[in-house]
Amino acid sequence: MIYKLSKRGEYHEKKEEKLQDYFCSKSNSRFVVLVLADGVSTCKFSDEGAKVSSEALKEILFEKAEYFLEFNEEKTADYLMSHVLYELKAYIEGKEGKLEDYSSTLSAILYDLEEERYLTFNLGDGVILGSGYGRIDILSNPCDSTFGCPVTTSRDVLKHVVIKKVESANYESVMLCSDGCWKELFNRNKIREEVSSLLNESDFDGLSKHLKTLKTEDDCSFIAATLT
Amino acid sequence: MGTITRRLESVFNSLSDEFGTIYTKYDVECKLRQLNSSRGNSSDYYSKLTLFMDFLDSIHVDYDENREDYDYFHNLVSDMSFPDFEELESDMLYKLYKIFEKYPVPQEYMLRIVNRLSDKEDNWQDDPLRLRILKQFIKYGNYLSDAGAGGKGQIKKYVKAKLGGKISSKDELQVILDNIDDGIFDLLENANKDQREFSGTYGLMKVCDDLASGQFRMGGSTKKNLYLFAIVYNMTFYIPDNTKGQIIDYESDIEKNLFHDYYVNNLMRFLTAPYKGNRSSFEKEPSGLGINYKNFAEMIYLYYISKSEEECSRPEKIRLATEMIARVKENGFEKTNNHLDTVTVFLKESFCEDILVLDEEKFEKYLMDNYDCNIYIDYGGTGTKLSEMQVSVNQNSAFGVFNKIIDDIKLELDLEDLADGLWFADMENGYEFYSKKHSDIDKEKFDEFMALMDEINRSSNLMVRVEDIKEAKDMTRTALIVALYHKYNLQKESDEEARYQSFAEVFEEFSVVCNKELEEASYQPFTCKNIFDMFIAFSIYAYQTL
C-alpha cells in the first residue's frame with residue numbers, strides 16, 4: 001500500500017508559489033518503485049521539471065528493474081541520469097525557459113520483494129528510510145547542501161548521484177522524504193520519539209496527521225510503501 | 001559578500017569557465033602545419049581535419065563546420081589574436097586575486113556555526129562573537145569550571161563592579177548573562193602567561209577569544225576547547241555507515257563543522273590581525289587529521305557528545321568527560337598498546353554505535369583495554385607529561401607515504417632543484433603593473449593577496465617540508481599534498497598532451513591522485529573549499545600550460 005503527503009510550506013504560501021514537490025510510484029507483485037522530487041524554488045518551472053524527472057525515473061526503474069539491480073552503481077547512475085536528462089530536454093523542446101529552469105532534486109527506491117533487495121537513487125537533500133521489526137534505518141542520507149544542493153541540471157551531476165544497492169533487505173516499509181519533511185522528523189541527528197513509534201508501526205496515516213499539525217516553513221512531502 | 005556557500009560555489013565555477021584550454025600562437029600554427037602536410041593524402045587530410053576541428057572546439061574558436069578546405073582554416077588562424085606568455089601569466093594572477101577574498105577566514109566559519117546552533121531565545125545575536133561564545137559557556141557549560149577552566153571568579157567580579165554592588169544568588173546566572181559585556185576581554189591585554197592558561201585567572205576568556213578569532217594554539221589545547229565547545233552547542237557526532245535511526249545533520253555535525261571547515265590549515269588565517277604579529281604562540285599548522293580515533297580523550301568527548309540532552313545535560317557531559325579522562329590518565333600509564341599506531345582505520349570502524357551505547361563503566365574499560373592511555377613521554381608513570389590530546393598522534397601511514405614520495409623524487413633530481421613552491425612564486429610584477437591593466441585593484445587588498453601568495457608559496461616548498469617532517473607525529477595533510485604536488489609536476493613534464501588540459505580537468509585529475517593517499521591517511525579529500533588546495537591546483541595548471 002502506498003501513502004503520500006504533500007503540504008505547502010508557509011514560506012511558499014506567503015509568496016503564493018505553486019507546490020514544487022512531486023511524487024509517483026509503480027508496483028507489481030515483485031517490484032515497488034517510489035520516486036520523489038523537490039523543485040528548486042528559484043527556478044521558474046521547477047514543478048514541471050520535478051514531475052517530468054520523477055515520471056521518467058519511475059518508468060525506467062520499473063521497466064528495467066532486474067538490470068539495474070545487477071549493474072554496478074556507476075553504470076546505473078550514468079544510465080538513469082542520462083535518461084532523466086534526455087526526457088527533460090525532450091519535454092522543454094519548444095517551451096519557455098532553459099533546462100536550468102526545470103531543476104529539482106530527485107530520489108527513488110526500487111525494491112525487489114521477491115529477492116529482498118533494493119536500490120536507492122539519491123540526488124540532492126532528500127532522505128530515504130526503511131523501517132520495520134523494531135528498526136528505523138537511513139537507507140540514503142541527504143547531500144551536504146552547505147556547499148550548494150546538487151540538482152538534476154547541476155554541472156557534473158553524476159558526481160553527486162548516490163546509488164546504493166543492498167542484497168539482504170528486511171523492512172516492513174520504505175519511505176522517501178523531502179528535506180522539508182525529514183527536518184520535522186528529526187531533532188538534529190536523531191529521530192523524534194513520537195515519529196519513531198509511528199514509523200515502527202508503519203503508521204503513515206498517523207504520520208500524515210502528525211505532520212499536518214505542524215507549521216512548516218518549507219514544503220513537506222513524503223511517499224511511503226508498506227512491503228508486507 | 002554573500003554566504004560562504006554561494007561564494008565558494010562561484011570560485012570553482014568561475015575558474016573552470018575562464019580557464020579552459022590555454023593556447024598560444026605556436027600551438028595553433030603547429031596544428032595547422034600538421035593539417036597542411038596531409039593535403040596530398042585525402043584520408044589522412046580528413047583525419048587531421050577532424051583533429052584540427054576538435055582542437056578548435058577545445059579552445060572555443062568558432063568556425064564553419066561545412067568548410068573543409070585548408071585555405072579557409074589558414075585564413076581563420078591568420079585572423080586570430082593570441083595572448084602572449086606574459087599576458088597569460090598576469091591574467092592568471094589577476095583571476096586569483098579576484099577570488100581570494102571569497103575564501104572564508106576561520107572566524108567566518110565560527111560565526112556560521114554559532115549563528116546556526118545558538119538558541120534564538122537567548123537573543124545574543126547582536127553581541128560580538130567571542131562574547132556570545134562566553135555566554136554559551138557560562139549558561140550551558142557552568143563556566144567550564146568542571147573542566148578546570150579559570151575565569152568564573154573574574155567574570156562575577158567584573159559584573160559586580162559594573163553594577164556597583166552584590167548580585168543576588170537567586171538569579172545570579174541571569175544577572176551575569178544580562179550584564180557581562182565585551183569589556184571583560186580587556187583583562188587579557190595585560191594578563192601574564194599563567195593567567196591566560198586554561199586553568200588560569202582568565203582561562204575561559206582566553207578560550208573564547210581564541211575560538212572566535214581562529215587562534216590555533218599548540219599542545220592540543222585548541223582541540224580540547226573545540227570538544228568543550230561542541231558540548232555546549234549541543235553538536236552531533238555522526239558515525240559513517242551507521243544507518244540505524246541516525247541521520248547526518250550537517251549543520252551540527254562536529255567533524256564537518258569543527259574539523260573540516262574551522263580547524264584546518266586555512267591559510268586565510270594569516271591575513272587576520274592575530275597572525276600579523278608574533279606567531280610563536282600559535283600552532284604552526286593543524287595536522288588536518290580531524291577526529292583522531294586513536295586518542296582516548298577524543299573518544300571520551302565523543303562518547304558524551306553522542307548522548308542526548310535527556311540522557312545527560314551539557315554541564316554533566318563536561319563534568320563526566322573530564323572525570324573519565326582524569327581516571328584513565330591516572331590508571332592508564334601502564335597501558336602501552338603500541339600496535340594502535342598502525343590501526344587507525346580499525347579503530348575508526350570499531351568506534352561505532354555499539355561502543356557508544358556501552359554504559360560508562362564498560363566504555364572506560366573498553367578504552368583501557370584497547371587504547372594507549374599513557375600520557376608520560378617515558379613510560380612508567382613519572383617524568384614529563386603530555387596533554388591527553390597529544391597521545392597517539394603519530395600518523396604512520398601518511399608519514400610512510402610522504403617518505404616514499406620524497407624517495408621517488410630524489411631518484412629524478414635533487415630536492416634543491418624544487419626550491420620554489422607555486423608557479424607564481426617568482427613573478428616580478430607588482431601593484432603598479434596590475435593597477436594599470438585593471439582599474440578595480442585595491443592596493444591594500446593586493447598587498448594582502450601577495451602576502452597570502454608568500455604564505456602559500458612557503459607552505460608548498462618541498463625542502464621546507466622535508467625539514468619539518470622528521471617524525472610521524474609531525475605529519476600534516478598539507479605536507480602530503482605538497483609532496484604529491486611536486487611528484488605530479490615531475491611526472492607531467494614529459495606528457496605533451498597535458499598542456500591542453502583545462503583547469504577543471506587538471507583539478508579533477510590531481511584530485512584523484514591526491515585523494516587515494518589522503519583518504520588512506522584519514523585526511524579530508526582535496527577540495528576547492530580550501531584556498532591552499534585551490535592554489536596548488538592552479539599552480540599545476542600554470543606549470544602545464546605556460
Side-chain angles (χ1 to χ4, degrees), chain A residues 42 100 118 120 122 124-151 153-156 158-160 162 164 166 168-171 174-175 177 179 181-193 195-200, chain B residues 2-14 16-17 104 109 112-113 116-117 230 233-257 260-261 305-311 353 356 504-505 507-508 511-512 524-525 527-530:
Chain A
T42 52
E100 288 73 23
Y118 65 83
T120 55
N122 206 356
D125 55 7
V127 159
I128 306 177
L129 300 163
S131 59
Y133 309 109
R135 288 167 23 233
I136 300 168
D137 293 346
I138 312 296
L139 306 186
S140 188
N141 266 295
C143 71
D144 179 2
S145 57
T146 55
F147 195 43
C149 181
V151 292
T153 62
S154 292
R155 191 198 286 244
D156 298 328
L158 277 181
K159 274 192 210 162
H160 305 289
V162 179
K164 278 189 196 159
V166 174
S168 319
N170 191 14
Y171 295 106
V174 289
M175 178 180 175
C177 307
D179 69 320
C181 176
W182 65 256
K183 283 175 183 172
E184 299 301 330
L185 306 184
F186 287 83
N187 179 10
R188 296 228 167 148
N189 63 335
K190 295 201 168 101
I191 199 152
R192 294 181 189 274
E193 222 173 279
V195 171
S196 179
S197 47
L198 290 168
L199 285 181
N200 275 323
Chain B
T3 65
I4 292 175
T5 302
R6 286 200 294 276
R7 279 154 52 192
L8 292 183
E9 204 175 18
S10 72
V11 163
F12 185 80
N13 289 344
S14 73
S16 296
D17 288 340
Y109 280 119
R112 181 168 77 170
I113 295 166
R116 280 178 172 170
L117 302 183
Y233 277 96
N234 221 11
M235 295 186 84
T236 56
F237 170 55
Y238 175 75
I239 303 163
D241 297 328
N242 165 35
T243 60
K244 294 179 177 53
Q246 192 198 93
I247 203 168
I248 179 166
D249 181 23
Y250 293 105
E251 287 196 356
S252 65
D253 184 70
I254 180 175
E255 184 153 41
K256 189 209 167 293
N257 287 285
H260 285 180
D261 287 345
I305 283 168
S306 65
K307 290 191 180 299
S308 66
E309 274 218 274
E310 289 74 33
E311 288 175 274
E353 32 122 12
L356 293 175
E505 286 166 339
F507 190 96
E508 181 64 34
S511 293
V512 169
Q524 202 182 156
T527 171
C528 57
K529 285 194 303 176
N530 184 308

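Numbers restart at 1 for each chain; the letters A, B, ... are given by sequence-line order, proteins then strands.
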Worksheet item: Looking only at heavy atoms, which two atoms of B:Ile248 and A:Asn141 are closest? And how far apart?
Response: N-OD1, 3.1 Å
Item to complete: Identify the two heavy atoms, one from B:Ser308 and one from A:Lys190, that lie closest to each other, and give their separation to 0.1 Å.
Response: N-NZ, 4.3 Å
Worksheet item: Can you say whether B:Asn234 sits under 4.5 Å from chain A via the side chain, the backbone, both, or neither, judging by heavy atoms?
Response: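 Both parts, heavy atoms under 4.5 Å.
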Spacing of [atom1] belonging to [X] relative to [atom2] belonging to [Y], to within rounding of 0.5 Å:
| X | Y | atom1 | atom2 | value |
| --- | --- | --- | --- | --- |
| A:Asn187 | B:Glu309 | CG | CD | 9.0 Å |
| A:Asp144 | B:Glu251 | CG | CD | 10.0 Å |
| B:Ile247 | A:Ile136 | CD1 | CD1 | 11.5 Å |
| A:Phe186 | B:Asp249 | CZ | CG | 10.0 Å |
| A:Ile138 | B:Tyr238 | CD1 | OH | 7.5 Å |

Discussion item. For the CD atom on A:Glu193, are there more than 12 heavy atoms of other groups (residues, nucleotides or ligands in this structure) within a distance under 6.0 Å?
Written reply: no
Worksheet item: Charged N to carboxylate O below 4.0 Å: is that the case for B:Glu508 and A:Lys159?
Response: yes
